[in-house]
Structure formats: structure tokens, C-alpha cells
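Start at 1 and go down the list; that is how both ligands and their atoms are numbered.
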Amino acid sequence: MTTASHNVPSLQLNDGRMIPQLGFGVFKVDPDETERIVLDAFEAGYRHIDTAAIYGNEKGVGRAIAASGIAREELYITTKLWNDRRGETEARAALGESLEKLGLDHVDLYLIHWPTPANGSPVETWETLGAMRDEGLTRSIGVSNFDERYLPEILETGFRPAIDQIELHPQFQQRATTALAAEQDIKIEAWGPLGQGKVDYTSGTIGAIAERLGVSWAQVVLAWHLSAGRIVFPKSNRRARMVENLAAASVQLSADDIAAIDALDQGAAGRVSADPAEVA
Ligand code: NAD
């Protein structure tokens, strides 16, 4: 299924809801510029926005939603519960604050941002997300940065996450977590899908594929994610790159190209951002 005017496929989650596979992330987007940048993203054709309480820009996302005139049901909005809001009372208050800033009565997806093992069990918090989903405050629930070390405790609760959002790009493919997620029909959202600008994917295998296909390296990497059934929301403040990244939905890679990129995995050495075990 694709959205009417854009070539972005939607995936069905294990709770029956649909999610546009390619969206726009706003990590590190300046709160003062967020309204304009998200409006640019809507104009480019994005309908799925990934934010978080900790990004400090939910109000800007909300202003862009209000100014866009786009019908609520055409949009897919994700936000996340920050690490210092654990337990039922805090989690309920935090989602309420996020909804107020976003100007919405529900989000499409609400995630626990990090497992924070130093803060004790996430189970009460997770069960609260389940209750808030049942109350309609969020359509779907999920976790973020819960790798194969942290996902099993969540699965034992009986509230199955629809999504696990984890760092994932060609040199860091998180195979143990993606295998567990596949077994449980949990969709993977790849954050830092382009390596956050910290990895040179412009040359070598990816550069050669890009040159042969006449597309950009970023489009090759995004098309690789999409071919694996992952959800991505690359971030860029620049309109031309927003358009370029969205057009990756139309880039077709061969099985050989996909296998060549799969072979770039460096395991744990490929991580470019924080290890969930160390985030409190
Ligand atoms: P990303 O891999 O999307 O990289 C963003 C950087 O890539 C930008 O700084 C930009 O300069 C560059 N870029 C974007 N498009 C490009 C193009 N076409 N050509 C060349 N360079 C390009 O990294 P990200 O922003 O960290 O991740 C995407 C989203 O994932 C975030 O905005 C956020 O929504 C989410 N995220 C979640 C977590 C989490 O803990 N759950 C952590 C980080 C990011």
C-alpha cells in the first residue's frame, strides 16, 4: 500500500495499525526552526514525523502540524518517554505533556526511549504504556534501544511492542536484536540510518552501487533499509536532501547489491552512538 501522492509504502504492525515506512526525524533540529523545517518536510511529501520529549522540539512539530492543514489521519506522529519519567504516574504525566505540546489528542506511536538498566525494571512503565494505548492516547506502543539484552523482559509482560527503534546502519546491523524482533513480529525502526554523518558511506561498496545506479549514496543506504522491511526517518535540515531521501522509496537494489551491503556489518565495533547499557 502506498500513500496517495507519494511513493512511500506502509507496513502493517503486529497490532494491526499501518505505518509509513519512510519518515522524517527531528533529532537535533533547533526548537526555533522546527516549525519551518517540519513544514518543509510536509511540503516535500513526508507524512511521518519522529520526535521525542528530550529533543525539546515537540511544540515546533505541533505548530507545523497545525499550520500544515493536513488531516490528522494522514499523519503519523511518534514521540518518546524520556529516561527520568519512570513508573505509572510519571509516564502518564509525560505523555500528557507531550500531547499538549504537539496539540494532539493522541500520538500514533509512543516509545520508551532507552532501557536505562541502572534505573531498575522498565515493566511498570511498559505496562502503563499498554494501558495508555488501550485508552486511545497512543495508537501503538514500542521501545527504543532495547536490544537483545533488554527486549526479553518486555516480552514477558504480555504487551508486545509493535516497534523497536535501534541504531542500525550498514556497519552496525544488530543481527541478534533484529532476529529476535523478527521472531516476535516486531518491526525495526533504524535510527541513525545514514550513520549520523559519522561514517563515510560515500565510497567503497555503497559508492560503487550509487554510481552504477545513478543515485546518491544516501539513497542506496535508505533503499537497503527499506528492502529489509525496516522503517527509517533520516534527518536533514536541507530541502534538497529531504526530497532526495524521500525519493529513495523508488530506488530498487538487486539481491547482489543488498548482499554486498549486508556484508559491511562490523558487529559491535560498528556502533557510532551510545551503548544502551551505559545510558541512565
Ligand atoms: P541520520 O543517520 O539520519 O543522519 C543525519 C545526518 O545525515 C544529518 O546531519 C545530515 O547532515 C546527513 N544527511 C541526511 N541526508 C543526507 C543526504 N541525503 N546526503 C548526505 N548527508 C545526509 O541520523 P539521525 O538524525 O541521528 O537519525 C534519524 C532520526 O532517528 C533522528 O532524527 C531521530 O528522529 C531518530 N533517532 C532516535 C534515537 C533514539 O535513541 N531512539 C537516537 C538518534 C536518532
Side-chain angles (χ1 to χ4, degrees), residues 19-31 33-34 37-38 40-41 44 46 48-58 60-61 76-83 98 102 107-116 141-147 150 161 163-174 177 187-203 206-207 210 215-226 230-249 251 270-280:
I19 184 169
Q21 207 183 348
L22 182 51
F24 184 75
V26 295
F27 180 44
K28 293 196 173 159
V29 173
D30 185 329
E33 289 188 85
T34 301
I37 288 170
V38 172
D40 283 350
Y46 293 89
H48 170 177
I49 304 294
D50 183 270
T51 185
I54 194 68
Y55 301 168
N57 55 23
E58 288 170 310
V61 172
Y76 194 97
I77 308 294
T78 297
T79 195
K80 313 185 191 89
L81 176 71
W82 189 238
N83 303 341
S98 287
L102 290 163
V107 285
D108 296 279
L109 176 64
Y110 197 47
L111 304 176
I112 299 184
H113 205 143
W114 291 88
T116 63
I141 54 172
V143 290
S144 175
N145 299 301
F146 281 63
D147 61 26
Y150 306 112
I163 293 282
D164 192 1
Q165 182 180 125
I166 55 174
E167 180 188 339
L168 199 157
H169 42 91
Q171 71 170 34
F172 185 51
Q173 297 185 29
Q174 301 239 42
T177 303
K187 293 277 187 273
I188 294 288
E189 293 187 333
W191 66 254
L194 300 173
Q196 292 192 315
K198 298 172 185 167
V199 188
D200 182 7
Y201 287 130
T202 59
S203 54
I206 291 168
V215 301
S216 72
W217 71 268
Q219 288 176 319
V220 170
V221 173
L222 295 171
W224 169 76
H225 283 292
L226 298 175
R230 289 189 288 270
I231 297 144
V232 281
F233 21 79
K235 175 247 161 182
S236 177
N237 291 351
R238 302 191 208 169
R239 284 180 197 221
R241 283 181 171 173
M242 293 177 190
V243 171
E244 173 188 329
N245 293 343
L246 197 63
V251 173
R271 188 195 296 280
V272 300
S273 193
D275 181 339
E278 287 155 18
V279 175

May I ask you to identify the nearest protein heavy atom to [atom], giving residue, atom name and distance to one decimal place in Å?
atom: atom 25 (O) of ligand 1; value: Lys235 CB, 3.3 Å
atom: atom 37 (C) of ligand 1; value: Gln165 OE1, 3.0 Å
atom: atom 40 (O) of ligand 1; value: Asn145 ND2, 2.9 Å

Enumerate the atoms of ligand 1 whose separation from the nearest heavy atom of [X] is less than 4.0 angstrom.
X: Ala218; result: 17 (C), 18 (N), 19 (N)
X: Asp50; result: 33 (C), 34 (O), 35 (C)
X: His113; result: 39 (C), 40 (O), 41 (N)

> So which bit of Asn245 gets within less than 4.0 Å of ligand 1, heavy atoms only: side chain, backbone, both or neither?
Replying inline: side chain

> What pair of heavy atoms forms the shortest contact from His225 to His169, and how long is it?
Replying inline: CE1-CA, 4.1 Å

>> Taking the side chain as everything from C-beta on, heavy atoms only, tell me whether Leu222 gets closer than 4.5 Å to Pro234.
In response: yes

>> With the threshold set at under 4.0 angstrom, would you say Pro193 reaches ligand 1 through any of its heavy atoms?
In response: yes

>> Under 4.0 Å, counting heavy atoms only: does Trp217 come that close to any atom of ligand 1?
In response: yes

>> Ignoring hydrogens and geometry beyond distance, is a side-chain donor-acceptor pair present between Asn57 and Thr51 at under 3.5 Å?
In response: yes

> Do Asp50 and Gln165 have side-chain atoms, one donor and one acceptor, less than 3.5 Å apart?
Replying inline: yes

>> Is the distance from the ring center of Phe233 to that of Phe24 below 6.0 Å?
In response: no

> Got a salt bridge between Asp40 and Arg238, using NZ or NE/NH1/NH2 to carboxylate O under 4.0 Å?
Replying inline: no

